[in-house]
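Input: a single structure, listed below in structure tokens.
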Amino acid sequence: MSLDYPIKFHPILKEKIWGGEKLVQILNKKSTRDDIGESWEVSDIKGDMSVVANGKLKGFSLQDLMVSYRGDLLGKKVFSKFSYNFPLLIKYIDAKEALSIQLHPHDTLAKERHNSFGKTEMWYVMQADKGGDLIVGFKKDSDKQTYLHHLENKSLLKILNVDKVKKGDVYFIPTGRVHAIGAGVMLAEIQQTSDITYRVYDWDRQDKYGNYRDLHTDEALDAIDYAALEDYKTTYQKENNKTTEVVDCKYFTTNYLPILAKKIKIDHSDKDSFVIYMCVHGSVQFTCNGEKTTVEKGETVLIPAALKQFSIYSRNKAELLEVYINHESPILKDPIFEKKETKR
């Protein structure tokens, strides 16, 4: 079977102590629970493997596709370095309550401690209640002693940067940057394939059994980036029917594409990578080889690397995030990411 259509996967819904109902009520995820915090849209995490939901490949796992199609799915250069390891994890997140204050280790540390990738990520805010905020980085340069003083005295917010946010705001979260999603914020998250998180403060909350979640105080100390930035929010252009670069790093490139009542022809002949589209507003129709696939707000599709040309159409206004791996990126020359070609 050829890879000639946009592939959807069944969402993997995650119950969280801080989760809510927006992923069900706004993004139409299927659940009767009121504590769904995450929808994993494309995942190669062990135990949480994505399974195809549409078309002739329905029922196949992402791992099945990588084993069968290799470079035709991932891109030849991406496959040559990542092998049967999908490099990105794609999510939608709803924080009814604030997430823990946390950070992620860089690649070398994650490899040494966890035999894992590090976790560089980015956020695109899809909706925020009044007063919704994000914690990102320090207000000014800090150090271990200052950080530990405030951690022990439960006064971290005195030294951390807090931004009020709205729809369309973007934040890039490299490894080591302390961060947390605040209550009332729903967002799209693009990240390296990793589930390694160092939780440093969890608001002293308990689960329904009266238990506190584990903290990772010691592990975090050598992983934190104590340097501060003047502004943590990413700025980008918004022009209808045109793709605009939002984030370009060695782990992924993300573009923003607003479509206003027009058919747009897409040509990815310049890329040696899969391309993922997250529909963050409205709905769109993909036409590939004469076949149509509708993608609604909150849905995600993976375009195989072998599928280079297609069109996208929206009757109203739709907004897409376009994500891929730049094969000229330094990550593809870094030996830490050389993987054995093993089937799981």
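The minimum heavy-atom distance linking Ile264 with Asn241 is given by the pair CD1-CA, 3.7 Å. The two residues Ala188 and Leu321 have their closest heavy-atom pair at CB-CD1, 4.1 Å. When every heavy atom of Lys16 is checked against every heavy atom of Gly37, the shortest pair comes out as CG-CA, 3.9 Å. Closest of all the heavy-atom pairs between Asp214 and Arg199 is O-NH1, 2.6 Å. Between Met186 and Leu23, the closest heavy-atom pair is SD-CD2, 4.1 Å. Nearest heavy atoms, Phe172 versus Glu121: CD1-O, 3.6 Å.
A salt bridge links Lys22 with Asp129: the distance from a Lys NZ or Arg NE/NH1/NH2 to an Asp or Glu carboxylate oxygen falls below 4.0 Å. The existence of a salt bridge linking Lys77 and Asp272 is excluded, since no basic side-chain nitrogen approaches an acidic carboxylate oxygen closer than 4.0 Å. A salt bridge between Lys14 and Glu38 is absent, with no side-chain N of the basic residue lying under 4.0 Å from a carboxylate O of the acidic one.
At least one donor-acceptor pair closer than 3.5 Å links the side chain of Lys29 to the backbone N or O of Gly298. With hydrogens and angles disregarded, a donor-acceptor distance shorter than 3.5 Å links the side chain of Ser50 to the backbone of Ser43. Asp35 contributes no side-chain N or O that, together with a main-chain N or O of Gly19, makes up a donor-acceptor pair within less than 3.5 Å. Proximity of a side-chain donor or acceptor of Ser100 to a complementary backbone N or O of Gln102 within less than 3.5 Å is not detected. A donor-acceptor distance shorter than 3.5 angstrom exists from the side chain of Asp107 to the backbone of Gly118, with no hydrogens or angles considered. The closest donor-acceptor contact from the side chain of Arg177 to the backbone of Val136 lies at 3.5 Å or more, if one exists at all. For Ser314 (side chain) and Ser283 (main-chain N/O), a donor-acceptor pair under 3.5 Å exists by modelled atom type. Side-chain atoms of Gln192 come within 3.5 Å of backbone atoms of Thr120 as a donor-acceptor pair (strictly under, hydrogens ignored). With hydrogens and angles ignored, the 3.5 Å screen pairs a side-chain donor or acceptor of Asn153 with a backbone N or O of His149. Remark: the backbone N or O of Lys46 is not paired with any side-chain donor or acceptor of Asp195 at under 3.5 angstrom.
Here side chain to side chain donor-acceptor pair (under 3.5 Å) pairs that include residues 286-299, with residues two or more places apart or in two chains, are Lys8-Glu299. Residue pairs meeting the side chain to side chain donor-acceptor pair (under 3.5 Å) criterion with at least one partner in residues 218-227, sequence neighbours excluded, are Lys144-Asp222.
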- Item | Evaluation steps, side chain to side chain contact (heavy atoms under 4.5 Å, CB included), between Leu134 and Leu187 | CA-CA 11 Å; Leu134 301 174; Leu187 53 78; 4.3 Å; yes
- Message: I'd like to know whether Thr254 forms a side chain to side chain contact (heavy atoms under 4.5 Å, CB included) with Met278, so could you lay out the CA-CA distance, the side-chain angles of the two residues, the decisive distance to 0.1 Å, and finally the verdict.
- Response: CA-CA 10 Å; Thr254 299; Met278 305 180 76; over 6 Å; no
- When you look at Lys154 and Asp204, which way does the side chain to side chain contact (heavy atoms under 4.5 Å, CB included) test go after all the steps? CA-CA 9 Å; Lys154 302 181 180 180; Asp204 299 317; 3.3 Å; yes
- Task: Kindly determine whether Phe117 and Tyr251 satisfy ring-ring contact (aromatic ring centres under 6.0 Å, His included), including the steps that lead there.
- Result: CA-CA 11 Å; Phe117 292 104; Tyr251 304 106; 8.6 Å; no
- Query: Checking side chain to side chain contact (heavy atoms under 4.5 Å, CB included) for the pair Thr244/Lys238: CA distance, chi angles, key distance, verdict?
  - Reply: CA-CA 7 Å; Thr244 302; Lys238 297 182 180 182; over 6 Å; no
- Please lay out, stage by stage, how Lys30 and Asn28 fare under the test side-chain hydrogen bond (donor to acceptor under 3.5 Å, both in side chains). CA-CA 6 Å; Lys30 306 303 181 186; Asn28 200 34; 3.2 Å; yes
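Aromatic ring pairs are classed by plane angle as parallel below 30°, tilted from 30° to 60° and perpendicular above 60°; the pair His104 and His179 is tilted. The aromatic rings of Tyr236 and Tyr124 lie tilted to each other, with the angle between the two planes from 30° to 60°.
Contact check for Ile266 versus Ile303: no side-chain heavy atoms found under the 4.5 Å cut-off. Residues Leu3 and Leu57 are in side-chain contact: their nearest non-hydrogen atoms beyond the backbone lie under 4.5 Å apart. In this structure, the side chains of Ile181 and Trp18 stay at 4.5 Å or more apart for every pair of heavy atoms. Ile325 places none of its side-chain heavy atoms less than 4.5 Å from the side chain of Leu74. The side-chain heavy atoms of Cys288 and Leu307, taken from C-beta on, include a pair separated by under 4.5 Å. Considering only heavy atoms from C-beta on, Lys158 stays 4.5 Å or farther from Lys139 through its side chain. By the 4.5 Å heavy-atom criterion applied to side chains, Trp123 and Val165 are not counted as neighbours. Within the 4.5 Å cutoff, the side chain of Leu157 has heavy atoms near those of the Val162 side chain.
Remark: aromatic rings of Tyr84 and Phe79 are close, center separation under 6.0 Å. Within the 6.0 Å centre-distance limit, the rings of Tyr277 and Phe286 are counted as a close aromatic pair.
With sequence neighbours excluded, the residues that form a side chain to side chain contact (heavy atoms under 4.5 Å, CB included) with Lys164 are Asp133.
No continuous path of ILVMFWY side-chain contacts below 4.5 Å connects Val275 to Val52, so the two sit in separate hydrophobic clusters. In the hydrophobic clustering of ILVMFWY residues, with side-chain heavy atoms under 4.5 Å counting as a link, Ile276 and Met49 come out together. Hydrophobic clustering (ILVMFWY, side-chain heavy atoms < 4.5 Å, transitive): Ile26 and Leu13 are in one cluster.
Going from atom OG1 of Thr146 over to atom CG of Leu156 covers 11.5 Å, rounded to the nearest 0.5 Å. Distance check: Leu215 CG to Tyr198 OH gives 14.0 Å after rounding to the nearest 0.5 Å. A distance of 9.0 Å separates CG in Asp267 from CZ in Phe310, rounded to the nearest 0.5 Å. Considering CZ of Arg70 and CG of Leu65, their distance stands at 13.5 Å, rounded to 0.5 Å. Atom CD1 of Ile312 is separated from atom CG of Leu320 by 5.5 Å, given to the nearest 0.5 angstrom. Here the CD1-CD distance, from Ile90 to Gln191, works out to 8.0 Å after rounding to the nearest 0.5 Å.
Surrounding NZ of Lys308 are more than 12 heavy atoms belonging to other residues, nucleotides or ligands, all under 6.0 Å away. Residue Lys58 places its NZ atom among 12 or fewer non-hydrogen atoms of other residues, nucleotides or ligands, all under 6.0 Å distant. The environment of CZ in Arg205 is crowded: more than 12 heavy-atom neighbours from other residues, nucleotides or ligands sit within 6.0 Å. The neighbour count for Lys242 NZ, taken as heavy atoms of other residues, nucleotides or ligands under 6.0 Å away, does not exceed 12.
Using modelled atom types and a 3.5 Å distance limit, the side chains of Gln63 and Ser61 yield no donor-acceptor pair.
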